[in-house]
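Quick caveat: nothing in here was measured; it's all calculated off a predicted structure. A, B, ... follow the sequence lines: proteins, then strands. Residue 1 opens every chain.
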There are 2 protein chains.
Amino acid sequence: MEPTSNDTVQQFVEAWGAMGALWGINRSVARVHALLMATEGHLSLEEISERLQMSKGNASMSLRELRTFGVVRQVEVPGDRRDFYVTEPDVWTMFFRIMKERKRREFDPALDAIHQLLEQPSAKGEVLGRLKQMSDLLATVESLANRFLKDPASSKAALSFMADLPFSPKRPKK
Amino acid sequence: MEPTSNDTVQQFVEAWGAMGALWGINRSVARVHALLMATEGHLSLEEISERLQMSKGNASMSLRELRTFGVVRQVEVPGDRRDFYVTEPDVWTMFFRIMKERKRREFDPALDAIHQLLEQPSAKGEVLGRLKQMSDLLATVESLANRFLKDPASSKAALSFMADLPFSPKRPKK
DNA sequence: TCGTGTGTTCAGAATAGTCTGAACGATGGA
DNA sequence: TCCATCGTTCAGACTATTCTGAACACACGA
């Protein structure tokens, strides 16, 4: 089978790179990820750095980030000193792993800060009401996140199911 | 009723400011929003600028952003030339409005770019499979977003319901 | 042991994002 | 009309983030 055209790969790399901001990962990291996704086999650090026109240093750091997310892993080739990289093949799994890591890094600390604040007894009146509401909201988001991020396979099914329900689950009131 | 202590307001402003990054809104915008949330009545541009130690220019731009999100509105006071501002009082409504605007600004264009790419017939093999999966994933996210962002009131109920379901909806396979 | 090929680190350069403050336009009172 | 007050804009200052490339560490074969 002939390979995917370089041009398409190129475009995909840039599109995914731009989209990275949405998921909260930076452009270089997203571009490396895209290149690996668009590649059948494995790639070496040097090859990645060349194809994406970025320094080896940057490529190395980006790969480390991707391994931390758990969406890229290293493969050994016997008799070759270089490290090679492949992407996790399941897109949903990738998606959940990235979300999980982001939640840990960003959401959880922010949630702590707000909670701590809510324990102080100084808020009054309407302001207190808003803080309570916000605490509820954050608790709900947190609970949903924990539930869905726990198990990608069944979450995927649940989400797809919800997305495909016929419109709409509720008539407007009255 | 005595007012919420200034110290708590201060802390809340900073906590919310830091949290802004999570929702994709910048620090100044989030700080202005926080101050309005922590304030019973309305505030003038000048007062906001003073209390938050930021330039009137920045405060003005931040308020414009918040009005675009639909989470802050202007109130007129008869006989006063100044504009005053209040926040939308319902936290969930705020949350959905911000998400909706962000989706429009960031997700939709990215989605378009990927879709356009998928129409090109050049992708092959495993790579094609991944692109298909990704398209599915994005379509699901899009569909869920449309559904939930459409109607804050019932979505709030639905999300709270899901969050409170007893653990866990599914036994691990086998 | 030395030389070569490899990956990593990090100081500083480059870039991107944010904020200020002066200039300006608009409004209304005198 | 003129003046005072208020909100907005945006060029440029400032700050934060990202990226490069040189230095280094390590492993292997000769």
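Between the CZ atom of A:Phe84 and the P atom of C:dG5 there is a distance of 15 Å, given to the nearest Å. Atom CG in B:Leu52 sits about 10 Å away from atom P in C:dT20, given to the nearest Å. For the pair B:Asp80 CG and D:dG7 C1', the interatomic distance rounds to 13 Å; values are reported in whole Å. Per the geometry, CD belonging to B:Gln53 stands 11 Å off P belonging to C:dG21, to the nearest Å. As a whole-Å value, the separation of B:Ile48 CD1 from D:dC6 P is 14 Å.
Cluster membership check: A:Leu63 does not share its hydrophobic cluster with A:Val86, using side-chain heavy-atom separations under 4.5 Å among Ile, Leu, Val, Met, Phe, Trp and Tyr.
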Set out, line by line, the N/O atom pairs under 3.5 Å between protein and nucleotides 8-16 of chain D.
| unit_1 | atom_1 | unit_2 | atom_2 | d |
| --- | --- | --- | --- | --- |
| D:dT8 | OP2 | B:Ser60 | OG | 2.7 |
| D:dT9 | OP2 | B:Arg64 | NE | 3.2 |
| D:dT9 | OP2 | B:Arg64 | NH2 | 2.6 |

For nucleotides 25-29 of chain C, print each protein N/O atom paired with a nucleotide N/O atom at under 3.5 Å, atom names and distance only.
| unit_1 | atom_1 | unit_2 | atom_2 | d |
| --- | --- | --- | --- | --- |
| C:dT27 | O2 | B:Arg81 | NH1 | 3.0 |

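Residue-environment remark: CD (B:Gln74) exceeds the threshold of 12 foreign heavy atoms within 6.0 Å.
Comparing D:dC6, C:dT6, C:dG21 by their nearest atom to the side chain of A:Arg82 picks out C:dT6.
Considering only residues two or more places apart in sequence or on other chains, B:Phe107 meets the ring pair (Phe, Tyr, Trp, His ring centres under 6.0 Å) condition with none of them. Partners of A:Ser55 according to the side-chain contact (heavy atoms from CB on, under 4.5 Å) rule, which considers only residues two or more places apart in sequence or in another chain, are A:Asn58. Evaluation of the side-chain contact (heavy atoms from CB on, under 4.5 Å) rule for A:Thr39 yields A:Leu35, A:Leu43 as partners, not counting sequence neighbours. Residues satisfying the side-chain hydrogen bond (donor to acceptor under 3.5 Å, both in side chains) criterion with A:Asp136, sequence neighbours excluded, are absent altogether. A:Glu76 meets the side-chain hydrogen bond (donor to acceptor under 3.5 Å, both in side chains) test with no other residue; sequence neighbours excluded. Residues passing the salt bridge (charged side-chain N to carboxylate O under 4.0 Å, His left out) test with A:Asp80, sequence neighbours excluded: A:Arg82. Residues satisfying the side-chain hydrogen bond (donor to acceptor under 3.5 Å, both in side chains) criterion with A:Lys103, sequence neighbours excluded, are A:Asp108, A:Glu142, A:Asn146. For A:Asp112, the side-chain hydrogen bond (donor to acceptor under 3.5 Å, both in side chains) test picks out no residue, with sequence neighbours left out.
Only A:Asn26, A:Ser28, listed by number, bring a heavy atom of residues 18-28 of chain A to less than 4.0 angstrom from any atom of DNA chain D.
Annotation: salt bridge (Lys or Arg N to Asp or Glu O under 4.0 Å) contacts involving residues 10-21 of chain B, sequence neighbours excluded, comprise B:Glu14-B:Arg27, B:Glu14-B:Arg31.
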